[in-house]
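Comments concern the structure below.
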Amino acid sequence: MRANPIPTSILLLAGVASILSSPALAEPDAPAPWRDRTLSAEARADALVKAMTQDEKMQIVRTWFPPMAQGKPGAPDDLIPSAGEMVGVPRLGIPTLRESDASLGVANQVEQRKGDTATALPASLATAASFDPEIAYAGGAMIGAEARAKRFNVLLAGGVNLTRDAWDGRDFEYLGEDPLLAGLMIGAHIRGVQSNHIVSTIKHFAFNAQETGRMIVDARLDWPALHESDLLAFKLGIEGGHPGSVMCAYNKVNGDWACENHTLLTDILRGQWGYKGWVMSDWGAVHSTAKTVNAGLDQDSGAELDKDDFFRDRLTAAVAKGDVTKARFDAMVRNVLTGVIETGLYDNPVAATNQAIDVVSHAQVAQKAAEEGIVLLRNAGGILPLAATAKRIVIVGGHADVGVLSGGGSSQVRSIGGVPVEIPLKSGPAASFARTTWHNSSPLRAVQALNPGAQVRYIDGSDPVAAAAAAKAADVVLVFATQWRTEAEDITTLVLPDNQDALIEAVAAANSRTVVVLESGGPVTMPWLQKVPAVLAAWYSGQRGGEAIANIVFGKVNPSGRLPITFPADERQAPRPQPVGLSDVAKDDAASNAGSAGGDAKGFVADYPEGADVGYRWYAKRNQRPLFPFGFGLSYTKFTYANLEVSGGAALSVSFDVTNAGQRAGADVPQLYVTPPTAGSVARLAGFQRIELKPGETRHVTLSAERRTFAKWDDAAKGWRLAGGSYRASIGHDAADLGASGSANLSEQRFKP
């Protein structure tokens, strides 16, 4: 949380108890201490706790799940169909907390709120691919504004779990494989959400690395390696975003459920990091009462999805018996209220009725995010950008005549403009809350708008022979290849589904001017890569994805996206050949049910031999050449680096010149990679900056290295240790292109988180 800007708040806090007991409270003009904005959020929250009854406190630490709460004893009668609701205390000004899923927009997955639509951002991977924290902030601010207008004040946003496996079903919801990139981007996104005086979470704490058996898997890795990877992403996100709440995960971490893991929630989050907001559970992730509470969980969210109701009668009994101390129970309530006050929600409650939304400007936010996040992977012979003079254009596959693909699960947004294609799931753990849908943003219409005199034809691609015949006489062919992912299920192969590889091969054989546009939630294999001149990674591009793709293809926008995730050349390059636990889950379908805690299903262990060397570092350690490395991305212009200078001492920094040596204005993302002097170390991203340059323009850039990215965690000392010695600093276009390098000595250092 933010540091308190009022130095006198500690003194004021000491006087809270006497203020509360003073007869002055009975005076009509005496301000309640919890209304005093000169006090710290913690002091105000503590005053509120002292003024609350036991029943009022109890309703703060549990939220209702609207689809299952209707008619249950004690359930509020004003439930909005959504993720959850915590009943407020009007007499004390404590607002009702109405929660919505909101990673990519205010979610309404299966249209539980009939007719309610929202602006849909592209996948978080696309935002990460921009390498631009301003894009992340703008997206968060947009979502927060729409949530507030719809009367939601807690957003279940802030997903920052690192990509360890390329087939994770939720990879598209997260920000890639590197802790620095993911942490800085999610911090900016959370700041944007909370700029609207509402709460954002950061999730899923921690080590939620797969969807297969996510409710029963025990994810195991030594704590130093976790601090140097997944936990570092969370720490950077909390520092940069100050989220009001942290959401703990479904899985176990090193033997204990994440939501009753004392090491995670109390030793690390509270003790080492000093976090002051509240810890909420994921929906259905609570397994006990006293152990969970004493481990550090403050609020049971979506409690109707738990195996039992752990935070009502059971919690009352636990407090009465002393299994949960009164001090710990009060701390739970104080933590919730601290987050509510710190984010500005307490002093700026949402309106009682829905407010107007500027859908036009919000659509522009979504389109800009898509444009900055699209990655140009191949452009042989400079085939792109396409000339606007192309008169015969054939578009193949992917329902590109009507829209762009959306990822599935709790992040799914029913976007403004409607859903032109919606395919209900007939089975599987995601069937109850996910649909395969497309946003109403047609690449076909967007191409026609940019080329009004051209003949633009669409072929659905179901018949490769027919598609090849149609493509043969075209000036250019755009093939849209899709790979759908969803929460609660991992994909089992990186091969494009539905025989799309054969479709691309057939079209490319018929027309050498074939461009492949990938709509995917992560990497795919590309056996046809050398047979097509151009490939774009468009991800799930959001509600203005069609326009964004067309603008890139025809050069209205110069591509600047960089891969936030490695594309392997072969699935066998990955640390694991397939999601761990597939056979275990197959034996017990209930194990991966998104709506339960897994019942009595047998768990399984997932080990992570790569340790802290996630993603590109795994490939570097094994001397493997991926299909496309982390940080890779082409442009319609060319950027060069020169005059590199490296300085050391207490901190490492580099300065250098970046020149746009091409003929078009564009944006570059110079990346700083640092290699420690210790044996076996490989380069790790320690800094980056997105810069826009005109043709011929040179700019002098200085990047300061984030030392935690190349320090080692000392678990005995509960802090970081930086070895003294010579560190290699390289400026590259991606993790495999580290041509401009130098070295500097750093002094030995020890420092706290």
Side-chain angles (χ1 to χ4, degrees), residues 1-2 28 30-53 55-64 66 75-102 106 113 116 118 140-158 190-201 241-245 276-278 280 298-299 301 332-358:
M1 306 298 291
R2 294 183 182 86
W34 51 84
R35 295 285 187 186
D36 185 352
R37 300 190 189 189
T38 66
L39 291 173
S40 71
E42 283 181 276
R44 296 174 67 186
D46 194 54
L48 279 168
V49 172
K50 288 180 170 63
M52 295 172 72
T53 68
D55 287 344
E56 288 170 340
K57 294 175 187 177
M58 193 63 65
Q59 72 192 43
I60 298 298
V61 299
R62 181 191 189 280
T63 73
W64 298 85
D77 57 10
D78 62 347
L79 289 166
I80 298 175
S82 61
E85 179 175 320
M86 184 212 81
V87 181
V89 184
R91 74 178 185 89
L92 296 174
I94 298 172
T96 291
L97 300 185
R98 290 193 171 93
E99 302 161 323
S100 176
D101 294 302
V106 182
R113 300 186 304 278
D116 185 21
M142 181 277 290
I143 295 173
E146 292 199 359
R148 173 174 271 273
K150 294 174 182 289
R151 294 187 293 153
F152 293 112
N153 52 18
V154 177
L155 296 191
L156 312 178
I190 292 168
R191 280 202 315 277
V193 170
Q194 295 189 164
S195 68
N196 295 280
H197 300 304
I198 63 174
V199 174
S200 174
T201 68
H242 308 286
S245 182
K276 303 300 182 184
W278 88 91
M280 69 165 70
D298 300 310
Q299 188 180 73
S301 301
M332 296 164 66
V333 181
R334 183 179 64 248
N335 293 339
V336 175
L337 298 177
T338 296
V340 169
I341 295 169
E342 178 71 17
T343 56
L345 173 58
Y346 182 83
D347 297 318
N348 301 274
V350 300
T353 58
N354 286 6
Q355 305 296 299
I357 294 173
D358 185 354

Once rounded to the nearest 0.5 Å, what's the spacing between atom [atom1] of [X] and atom [atom2] of [Y]?
| X | Y | atom1 | atom2 | value |
| --- | --- | --- | --- | --- |
| Ile143 | Ser200 | CD1 | OG | 9.0 Å |
| Thr53 | Met58 | OG1 | CE | 10.0 Å |
| Thr338 | Asp46 | OG1 | CG | 8.5 Å |
| Leu48 | Ile94 | CG | CD1 | 5.0 Å |
| Gln299 | Met86 | CD | CE | 6.5 Å |
| Glu99 | Ile198 | CD | CD1 | 11.5 Å |

Any donor and acceptor pair, going by atom type alone, linking the side chain of [X] with main-chain N or O of [Y] inside 3.5 Å?
| X | Y | value |
| --- | --- | --- |
| Gln194 | Gly244 | yes |
| Arg113 | Pro81 | yes |
| Arg148 | Asn196 | yes |
| Asp347 | Gly344 | no |
| Gln59 | Gly88 | yes |
| Thr63 | Glu85 | no |
| Gln355 | Thr353 | yes |

If you define the side chain from C-beta out and look only at heavy atoms, does anything of Trp34 sit under 4.5 Å from Leu39?
no
May I ask you to test the Ile60-Met52 pair for a side-chain heavy-atom distance under 4.5 Å?
yes
salt_bridge(Arg151, Asp78) N-O dist < 4.0 Å
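No, this pair does not count.
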Assess the residue pair Met280 and Leu97 against the criterion (side-chain contact (heavy atoms from CB on, under 4.5 Å)); give the C-alpha distance rounded to whole Å, side-chain angles, the decisive distance to 0.1 Å, and a yes or no.
CA-CA 13 Å; Met280 69 165 70; Leu97 300 185; over 6 Å; no
For Lys276 and Glu42, what are the C-alpha separation, side-chain angles and deciding distance, and is it a side-chain contact (heavy atoms from CB on, under 4.5 Å)?
CA-CA 8 Å; Lys276 303 300 182 184; Glu42 283 181 276; 3.6 Å; yes
I would like to know whether Leu337 and Val49 meet side-chain contact (heavy atoms from CB on, under 4.5 Å); could you show each step before the answer?
CA-CA 9 Å; Leu337 298 177; Val49 172; 4.2 Å; yes
Determine, step by step, whether Val333 and Val61 satisfy the side-chain contact (heavy atoms from CB on, under 4.5 Å) criterion, reporting the C-alpha distance in whole Å, the side-chain angles of both residues, the deciding distance to 0.1 Å, and the verdict.
CA-CA 6 Å; Val333 181; Val61 299; 3.9 Å; yes
Checking side-chain contact (heavy atoms from CB on, under 4.5 Å) against Asn153, which of Leu345, Asn348, Thr96 comes through?
Leu345
